[in-house]
Amino acid sequence: MEALLNPAQSDAVTHTVGPILILAGAGSGKTRVITYRIAELLRRGVKPWRILAVTFTNKAAQEMRHRITQLVGEEARDVWIGTFHATSARLLRQNAERVGLRRDFTIFDDGDQKTLVSRVLKDLDIADRFASPRAVLSAIDQAKNRGLSAEAYRGRDYFTDLVARVYPVYQERLRASNAVDFGDLLILALELARDGVARLADKFDHVLVDEFQDTNRVQYDLVARLASKWNNLCVVGDDDQSIYRWRGADLRNILDFERDYPGAKVVKLEQNYRSTQVILDAANAVIARNLHRKQKRLFTEQEGGEPILYYTADDERREAEFIVRAIRKLEIDDGRSFEDFAIFYRTHAQSRVLEEALRASDLPYTVVGGTRFYDRAEVKDVLAYLRVIANPADEVSLERIVNRPARGIGESTYEKIVERARREGRSVWEAMERVAQPDDGTLATGARKKLAAFVALMDELRAMAASPHASLAELAETMLERTGYLERLAAEGTRESEDRRENLMELTGSMRDFEEAMRRELGPDGESAISPLSAYLERVSLVAPADDAGRGVSMMTVHAAKGLEFPVVFVTGLEDGVFPSLRDGEDPDVLEEERRLAYVAITRARERLFLTNAERRHLYGQEARVFGESRFIQDIPEHLIARPVGGRRRPASGGLPASLQRPARAARPAYDDDAPPVVRSFAKPEVRRVERDEGISVEYDADAGGGYDEDADSGFRLGQRVRHPMFGEGEVRGVTGVGRDVKLTVYFPQIGPKTIVARFVEVL
DNA sequence: TCTGTAGGCGTTTTT
DNA sequence: CGCCTACAGA
């Protein structure tokens, strides 16, 4: 089979002993290498169940299993292939008691997490506009990404002190609910792998990790631990495609792998089988400006290629219209099908105008991503019922359903029960059972009876779930009937309630499919270690429903595009401030990630690449004329780019006074590194912009047609140090507003960027 | 308990 | 602009 591989690929496949780092450039045949490598291991006699392959997404895991099956057949079934989270959950179910969980533990998604944080903030009497549940949760998540436990977490300032108070209580409630969040799955699996009793380090002879550049600290430690007996650890990744730093991915994992495993084999896959040389040259030029990366350069045998087309439109509507024209033309002239095209944008908010343009022209399209099925309220309701049935301790789900549909158990009633539970050190469900007793005086008789009816209903459903014959779908249907949920929906009689009903039908349908698949897998008298209900709930927590292959033109964020490829790609919104996003000012690490994002976008294209932007763009309903040409475009050598007929010769300037404009391309070599720092702010009332030019700060009102107004100078300079009474010292990264309303975006080391009213800071 | 609305706020997203 | 949340009022 080596004949089907190039020398580097072949090296990566056959070097099976010891640690190995495979740096797989975009389009270099990474999946091929991983699957061939696993086939090679099996060929050499490694038992399939002693091979573990970990991925980030279910899609990648499925794809991998599918391709290995094609190579080796049935044996592929027994290879451990799964996402980090699913693999961790599987290991935890087998050893739940060892980490303080019961086997039927619940997995909380981010919505549940947020609800729980809100609950804890409420219980701790913390009502602080700086401590939104979102912010606190994100701090807890970040801590978990680094493996920092609630006990070990230390506050350093106002905000983190507050997190230090919330985190332990959050964690305690989570455990009392017999629940884990996504971060816990990994942390507990690591704990299990470390404690030795479960002997997880002996379980696998070979461990492979895909998308290694996206791993966080805990994930790295986990796979290192699982591979620790033989150190047959194979990590595959591309530091240039690391785009999830903001959710904990630690690029150091890939950059330091060789230090952690001295003598590790390193293979670079640099031959690209996807794109033309022109496209690769552009991608290489953009990514070359990043400092923190492993040196590599993609090449291809597909010399030349069509030039990259760059179009600057007047506004985002015209940008969309240009794309529609281009698609139409290529569809007719080159006989392309709509499925050949993909449109990428930096943020979802940009998709609407594009969608409208495509719809107006009757071009078929599919938007990838967006609202998720399991996020719909009615779906969450049903799942919450099932969770409480499977795990009565789950108080987040219990709180959700206790009065849904409304049954007269309101907030005050529920709070009394919670108070009782906390006082007696029981779960909320247990307290509920007690309070529902006739001789209990906690509630007035009316409320008590309603509660008793709810408790009885849940008991009945639980008994039904325990019966070996009842199906999941029937359980859900019974619940929908007995609670009157469907009846209420029908009574609404709106278009929306009809949609909701359909979603519920789809949900019960998916339950039937799941049970069917499970029966097939286990055989006629198969016994699973875990109940069908728990198995189903685990699946919906860990596996998003597959997005449909997509008909017509594909539209998605650049993040969603990773791992995909299309013959024709449009990268839109290439304006400084939009792409790259400059929300956090010009933090170099953030900019490097934006640059990697641009690299990912460009390398998705096989044959043709279009880059577009707009001189004016509406943002949050306001017109924002503050964007100039994306610096990433300026990084692409001029000779690779052509401008379509009707395109502008001048780059988008944002109507700035000449003195403030970025120098024209010709005036500046493409690789010049001393571009002036620019910060654009996204303030609502009037979008303003601050530039620093040789240390002199100027600010002007964008709406005044670019006039430059010294009176509006706030006196704040970018990079200036300020002190805030709550957050401590930070650095000014952006200035917006005038007079009393001047607001600053200040970056505080432990907290991150905050927007604060300038009056409250002290200039240092 | 439910519904309407004002106000706030706003990347990227999988598990 | 549009969504989501929080809260007021019926």
Side-chain angles (χ1 to χ4, degrees), chain A residues 54-61 82-89 107-115 118 122 127 129 132-135 138 141 144-145 180-186 189 211 214-216 218-219 242-249 316 344-353 368-372 374-375 377 403-414 447 450 488 492 538-545 547 556-563 573 577-584 590 593-594 596-597 600-601 617-624 682-684 753 755:
Chain A
V54 202
T55 63
F56 266 84
T57 65
N58 292 290
K59 200 169 151 197
T83 64
F84 272 99
H85 297 271
T87 303
S88 299
I107 299 167
F108 276 8
D109 66 18
D110 42 6
D112 303 318
Q113 285 183 277
K114 214 171 126 207
T115 308
S118 304
K122 203 166 163 187
R129 91 183 170 86
S132 65
R134 224 178 79 99
S138 132
D141 271 341
K144 289 191 174 190
N145 285 334
V180 296
D181 59 24
F182 289 125
D184 282 351
L185 280 173
L186 305 171
E211 307 278 13
D214 289 333
T215 51
N216 63 34
V218 175
Q219 288 165 326
S242 171
I243 55 175
Y244 287 109
R245 198 182 85 108
W246 49 275
R247 69 178 202 214
E316 74 272 19
F344 301 156
Y345 31 82
R346 179 63 181 79
T347 67
H348 285 299
Q350 292 162 250
S351 73
R352 223 191 68 229
V353 175
V368 176
T371 357
R372 292 174 299 177
Y374 294 129
D375 276 349
N403 198 34
R404 192 166 315 185
R407 53 169 71 88
I409 307 173
E411 198 184 326
S412 61
T413 304
Y414 187 75
K450 288 173 186 160
R488 297 263 181 137
E492 270 183 55
E538 174 167 320
R539 204 183 75 145
V540 299
S541 304
L542 297 181
V543 183
D547 11 45
M556 66 193 86
T557 63
V558 181
H559 282 90
K562 198 173 78 159
V578 174
F579 194 6
S581 162
L582 294 174
R583 262 175 68 95
D584 303 332
V590 172
E593 179 137 319
E594 293 289 321
R596 291 192 290 270
L597 208 47
V600 166
R617 181 176 296 276
H618 293 269
L619 205 67
Y620 304 137
Q622 296 281 318
E623 183 168 296
F682 285 38
K684 232 188 308 182
T755 302

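Quick caveat: nothing in here was measured; it's all calculated off a predicted structure. The sequence lines fix the lettering, A, B, ..., with proteins before strands; numbering per chain opens at 1. Heavy-atom basis, side chains included; hydrogens, waters and symmetry copies ignored.
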Novice: Would you tell me if any nitrogen or oxygen in the side chain of A/His348 comes within less than 4.0 Å of OP1 or OP2 on B/dT13?
Specialist: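 For B/dT13, OP1/OP2 do have a side-chain N/O of A/His348 under 4.0 Å.
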
Novice: Taking 4.0 Å as the cut-off, does a side-chain nitrogen or oxygen of A/Arg407 come that near to OP1 or OP2 on B/dT1?
Specialist: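 The answer is no; no side-chain N or O of A/Arg407 sits under 4.0 Å from OP1 or OP2.
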
Novice: Given B/dT13, is OP1 or OP2 found less than 4.0 Å from the side-chain N or O atoms of A/Thr557?
Specialist: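 So the side chain of A/Thr557 is within the cut-off, an N or O lying under 4.0 Å from OP1 or OP2 of B/dT13.
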
Novice: Can you find a donor-acceptor pair, distance only, under 3.5 Å between A/Arg247 side chain and B/dT14 base?
Specialist: yes

Novice: If you check every side-chain atom of A/His559, which of B/dT13, C/dT5, B/dT11 has the closest atom?
Specialist: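 Of B/dT13, C/dT5, B/dT11, B/dT13 is nearest to the side chain of A/His559.
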
Novice: Has A/Asn58 got a side-chain N or O lying under 4.0 Å from the OP1 or OP2 atom of B/dT14?
Specialist: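 Looking at the OP1 and OP2 atoms of B/dT14, neither is under 4.0 Å from any side-chain N or O of A/Asn58.
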
Novice: Would A/Asn403 and A/Glu411 count as having a side-chain donor-acceptor pair, cut-off 3.5 Å?
Specialist: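 No, no side-chain donor-acceptor pair sits under 3.5 Å.
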
Novice: Want to settle it: does A/Val558 or A/Asn403 sit nearer the 5' end of DNA chain B, counting the closest nucleotide to each?
Specialist: A/Asn403

Novice: Output yes when A/Lys114 and A/Asp109 qualify as a salt bridge under the 4.0 Å nitrogen-oxygen rule, no when they do not.
Specialist: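 Salt bridge: no.
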
Novice: Does a side-chain N or O of A/Arg488 approach OP1 or OP2 of B/dC2 to a distance below 4.0 Å, or not?
Specialist: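 Yes.
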
Novice: Please pick, from B/dT11, B/dT15, B/dT12, the nucleotide with the shortest atom-to-atom distance to any side-chain atom of A/Tyr620.
Specialist: B/dT11

Novice: Say you pick atom C1' in C/dT5 and the same atom in B/dT12; how far apart are they, in whole Å?
Specialist: 23 Å

Novice: Answer yes or no: is there an ion pair linking A/Asp214 with A/Arg247, defined by an N-O contact shorter than 4.0 Å?
Specialist: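 Salt bridge absent between A/Asp214 and A/Arg247.
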
Novice: Counting side-chain heavy atoms from C-beta on, which of B/dT15, B/dT12, B/dC2 comes nearest to A/Ala406?
Specialist: B/dC2

Novice: Taking the six-membered ring for Trp, does A/Tyr244 stack with B/dT13 (centroid gap under 5.5 Å, planes within less than 30°)?
Specialist: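 Check failed, A/Tyr244 does not stack on base of B/dT13.
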
Novice: Considering only the P atoms, how many Å lie between B/dT13 and C/dC4, rounded to the nearest integer?
Specialist: 16 Å

